[in-house]
Protein chains: 2
Amino acid sequence: MPRNPEQNEQMKEERRAAILDNALRLFAAKGLAATRIAEIAKAAGMSQGLLYHYYRSKEEVFTALIGNAFTIMNGAAAALEALPISAAEKIRRAVNELFTGLERSEHTGTYHLLIAAASASEGIPAEARAIITRESRVPYEIMARIVKEGQVQGTVRSGDPEQLALLFWTTIKGLAIHRAANRRTFRLPDPDIILRMFLKE
Amino acid sequence: MPRNPEQNEQMKEERRAAILDNALRLFAAKGLAATRIAEIAKAAGMSQGLLYHYYRSKEEVFTALIGNAFTIMNGAAAALEALPISAAEKIRRAVNELFTGLERSEHTGTYHLLIAAASASEGIPAEARAIITRESRVPYEIMARIVKEGQVQGTVRSGDPEQLALLFWTTIKGLAIHRAANRRTFRLPDPDIILRMFLKE
DNA sequence: GTCTATATCCAGATAGAC
DNA sequence: GTCTATCTGGATATAGAC
C-alpha cells in the first residue's frame, strides 16, 4: 500500500523526533563521547544504518540538539520577558517553571543539563560550540534586563544586574547538575529560598 | 649511576603526580570518555607504555583523581568547620577561598569542576561512582551544620539548613561550570552578592 | 623503568540487498 | 526506507627490547 507524500513526510519527522528525543536523554546522561550511536539507534527503535539515513554523524545529531535546546530555552526566556506582568512576578514565574521542568525531568530540564555539560566541555563539534557561544548570552541578557526593571520598580534587590543575572542562571545550572547526580534523593529547595536572593522581602 | 631506593621512590611519586596533574586538567576539560590516554601520557612527558606501568587503565587514573578530589575538598571543609571563628565568618571564608580557587584555576577549582561533571554523568567507573555516592554528602552536611550554628548565633538567615547548604554548593558548582565554559570573559560576581543569600544584613 | 612496536578490540560509518 | 553485513580507523592495552 503506497504512502502519499504527506504520510512519508510525517513518518520522516517522527523518525527524526525519535532520534532526537533519545539522543537528548543519552547525551545529557553520559556526554557526547561516551554515548554510542548504536545505543541511540536502538533506543529510537531503528537500525544503526537507518539513523545514518537521517543524520550524517553522531556530531550532527548532537549539534541539532544544541540548536533545539537554545531555540526552546531562549524562546521561553523571550516569552517571559514579554509578559505584561511585573518584573518580580517574572522572576517568580521563571523559578517556578524551571523548577517544574527540573523536578519532572521534562525536556526543558534535560536541555538545561545538556547545555551545562556541553558548554563546559571541550571537544564538542565546532558548530555546536559556535551555537553555544552565540546563544548562551541571551538568557543572561534577558534576566539582567528583568532585574534592572525590578530594581526600578523597587521590588528587586540592589546590585549589578548582570552579576545578579549570572547568579540566577548559575544557580539553576547547579541545581540541574545536582539533580542529575542525585535522581533518587533529590528534593528541590523551597523556591522562596531562591527568590529571596533576588527579591526584596 | 645507580639510584638508591629513596630516589627511586621519589621518582615514582613524581611520575604519578605528573600523570594525575595532567589527567585532572584533561578529564575536567573533556570528560573521561573523550580524553585519550595517549594525550595524558604526552602531557605528562612519558610514553603511553610507561603510563601503564603506573596505572592499569584509564579508569584507574580517573578513579584515583576522584578519590583525591574528595580528600582535598572534604578535608578543607572539615578544617573550615573546626576553625575557632563564628559561623558567619566560616561562610565568608568558604566563599572567598572557593572563589579564589575558581578564579585562579587552582587544583581545588578544577577538582570542583571534575566532580560536578563526573557526578552528573553515567558511565563512569563503578568504583568512582561509589566514592562519589559515599563522599559527596560530606560538604553538604558540614555546611548544613555551619548554617544551623549561624542561625543559633543569629547571623545566618532563617530557612531549612539543609536546603540552604544545598543552595550554597549548587551555586558554587554552577559557577565552576560557568567559568569552565567562559574562561575568557568570566568575571566572578561580587562575593557579597552570594554572602547576602545566607547572612543577615 | 622506559621505550617502540603491535595485537586486539570496538565504534563510527558505509555498502548493498530487499 | 529499512535492514544486515562489513569496512575502516583509531584507541586501549600488551609484549618485548633495552
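Keep in mind that this is a model prediction, so the values were computed, not measured. Residue numbers begin at 1 in each chain, while the letters A, B, ... track the order of the sequences.
- Ring planes of A/W169 and A/H112: parallel class, angle under 30° (limits at 30 and 60°).
- Here the CD-CD1 distance, from A/E127 to A/I66, works out to 11.0 Å after rounding to the nearest 0.5 Å.
- In this structure a side-chain-to-backbone donor-acceptor pair under 3.5 Å is missing from A/R15 to A/Y54.
- At D/dA13, none of the side-chain N or O atoms of B/Y55 fall inside 4.0 Å of OP1 or OP2 (strictly under the cut-off).
- In this structure, B/R56 atom CZ and D/dT14 atom P are separated by 9 Å, rounded to whole Å.
- The side chain of A/H53 lies closest to D/dT2, out of D/dA13, D/dT2, C/dT14.
- Dashed line: the shortest gap from a side-chain N or O of B/R15 to OP1 or OP2 of C/dT2 is under 4.0 Å.
- The shortest distance between the side-chain N/O atoms of B/Y54 and the OP1/OP2 oxygens of C/dT2 is below 4.0 Å.
- Regarding contacts with the backbone of C/dG12, a side-chain N or O of A/R36 is found under 4.0 angstrom from either OP1 or OP2.
- Here the nucleotide nearest the side chain of B/I37, chosen from C/dT2, C/dT14, D/dT12, is D/dT12.
- Set against D/dT2, C/dA13, D/dA13, the side chain of A/L50 has D/dT2 as its closest nucleotide.
- Protein atom NZ of B/K42 is 14 Å distant from nucleotide atom P of C/dC3, rounded to whole Å.
- Using a distance-only test at 3.5 Å, with no hydrogens or angles considered, a donor-acceptor pair links the side chain of B/T170 to the main chain of B/L167.
- For B/S47, the listed nucleotide lying nearest its side chain is C/dC3; candidates were C/dT2, D/dT14, C/dC3.
- Looking at the side chain of A/M11, the nearest of the listed nucleotides D/dA13, C/dT2, D/dT2 is D/dT2.
- Rounded to whole Å, atom P of C/dA11 lies 10 Å from atom CD of A/Q48.
- Residue B/L51 contributes atom CG, which lies 16 Å from atom C1' of C/dT4 at whole-angstrom precision.
- Closest approach to the B/K58 side chain among D/dT12, C/dG12, C/dC3 is made by D/dT12 (side chain taken as heavy atoms from C-beta onward).
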(request) Start with the C-alpha distance between B/R25 and B/N22, add both sets of side-chain angles, then the distance that settles side-chain hydrogen bond (donor to acceptor under 3.5 Å, both in side chains), and finish with yes or no. (result) CA-CA 5 Å; B/R25 229 176 0 92; B/N22 288 283; 2.7 Å; yes
